[in-house]
Amino acid sequence: MAGAGRVLPRAFFDRDVVDVARDLLGRIVESRTPDGFVSVRLVETEAYAGEDDPASHAWRGPTPRSAVMFGPPGRLYVYFTYGMHHCANVVCGPDGIASAVLLRAGEVVDGVDLARARRRPGVADRQLASGPANLAMCLGLDTGGTGTDVVAAGSPLRLRSGDPVPDDAVLAGPRVGITRAVERPWRFRVAGNPYVSRPRRAGG
DNA sequence: ATAACGATTAGCT
DNA sequence: GCTAATCGTTATA
């Protein structure tokens, strides 16, 4: 919204996915749907580096589900998992290189009422978007959002420049919920921020 | 056609 | 810390 800065250009996403994941902290994701507007300040992300990354959905080449990851940067990849959850990624790197950043957590800064309505009743505000599935829920995203161009004018989901987080305020640690390539420290979060996905030890 | 499992979460011990 | 919930995707036959 006003004050959230300019819409991030496609070139922002057309870079090394690890750099993009770190640089997305402090940026604003905004969702505009028929039922309203919600915006979230990102505080936690993860990088997935495509065919070279055993933890990535793109690891063994394109499938119907992961096809969008192999396309141009700036598109959404929303997948359904555990029979009940949706998680949202933004495709990064040049066309043909399947990498993406998983949006893991954030602070709802606008449209809090709508975000609350999309979550179970009674959820604390600091937990509204704490976790990738919770964040996707706040934004009203499901697999139908896959392919959305977050750079296009009038897109229902866009990213704005917000206030970038300086490197010395960023913690890097292992990614969550994966069993392969666990050692790659490609989860990034804002140090000491209360809106990160559920309480974890510092440095983790 | 079928089986195994997952980039999770909430609730309970 | 442990586990049920729940179904699309993927691999295998």
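Within every chain, numbering begins at 1; the chains are lettered A, B, ... in the order of the sequence lines, protein sequences first and strands thereafter.
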Please step through salt bridge (Lys or Arg N to Asp or Glu O under 4.0 Å) for the pair Arg175(A) and Asp53(A), ending with a clear verdict.
CA-CA 12 Å; Arg175(A) 295 174 290 183; Asp53(A) 180 1; 2.7 Å; yes
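- An OP1 or OP2 oxygen of dT8(B) is reached within less than 4.0 angstrom by a side-chain nitrogen or oxygen of Arg104(A).
- Put simply, the side chain of Pro156(A) does not reach to within 4.5 Å of the side chain of Arg32(A), judged on heavy atoms.
- The interatomic distance linking Tyr79(A) (OH) with dC5(B) (P) rounds to 18 Å, in whole Å.
- Ala133(A) comes within 4.0 angstrom of the backbone, heavy atoms only, and of no base.
- What separates CZ of Arg187(A) from C1' of dT8(B) is a distance of 14 Å, to the nearest Å.
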Once base and sugar-phosphate atoms are separated, protein heavy atoms under 4.0 Å mark nucleotides 6-13 of chain C, 5' to 3', with B, S and - as BBSSSS--
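- Every salt bridge (charged side-chain N to carboxylate O under 4.0 Å, His left out) that Arg116(A) has, sequence neighbours left out, goes to Asp113(A), Asp125(A).
- Of all non-hydrogen atoms in Ser155(A) and Thr148(A), the two that sit nearest each other are OG-CG2, 3.3 Å.
- Counting heavy atoms from C-beta outward, Ile28(A) and Val40(A) have side chains that stay 4.5 Å or more apart.
- For the pair Ile178(A) CD1 and dT8(B) C1', the interatomic distance rounds to 14 Å; values are reported in whole Å.
- Whole-Å rounding puts the Met137(A) CE to dT8(B) P distance at 13 Å.
- Remark: P of dG6(B) and CG of Leu102(A) are 16 Å apart, rounded to the nearest angstrom.
- Residue contacts shown for Asn89(A) include a base, since a base heavy atom lies under 4.0 Å away.
- Close to dC5(B), at under 4.0 Å from its OP1 or OP2, lies no side-chain N or O of Arg180(A).
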Read 5' to 3' with Watson-Crick or G-U pairs under 3.5 Å, [ ] for crossing pairs and | for partners on another strand, DNA chain C gives |||||.||||||.
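- The ring pair (Phe, Tyr, Trp, His ring centres under 6.0 Å) check on His86(A) picks up Phe80(A), with sequence neighbours excluded.
- The CG-P distance, from Asn134(A) to dA7(B), rounds to 17 Å in whole Å.
- Remark: P of dA10(B) and CZ of Arg120(A) are 9 Å apart, rounded to the nearest angstrom.
- The salt bridge (charged side-chain N to carboxylate O under 4.0 Å, His left out) test applied to Asp16(A) returns no partner, not counting sequence neighbours.
- Put simply, the side chain of Asp23(A) never gets that close to the backbone of Asp19(A): no donor and acceptor are under 3.5 Å apart.
- Using P as the reference atom, dT2(B) and dT6(C) are 23 Å apart when rounded to the nearest Å.
- To the nearest angstrom, P of dA7(B) lies 11 Å from CE of Met69(A).
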Donor-acceptor contacts under 3.5 Å from residues 65-77 of chain A side chains, at least two apart:
residue	atom	partner	partner atom	Å
Ser66(A)	OG	Thr63(A)	N	3.1
Ser66(A)	OG	Thr63(A)	OG1	3.1
Tyr77(A)	OH	His57(A)	ND1	2.8

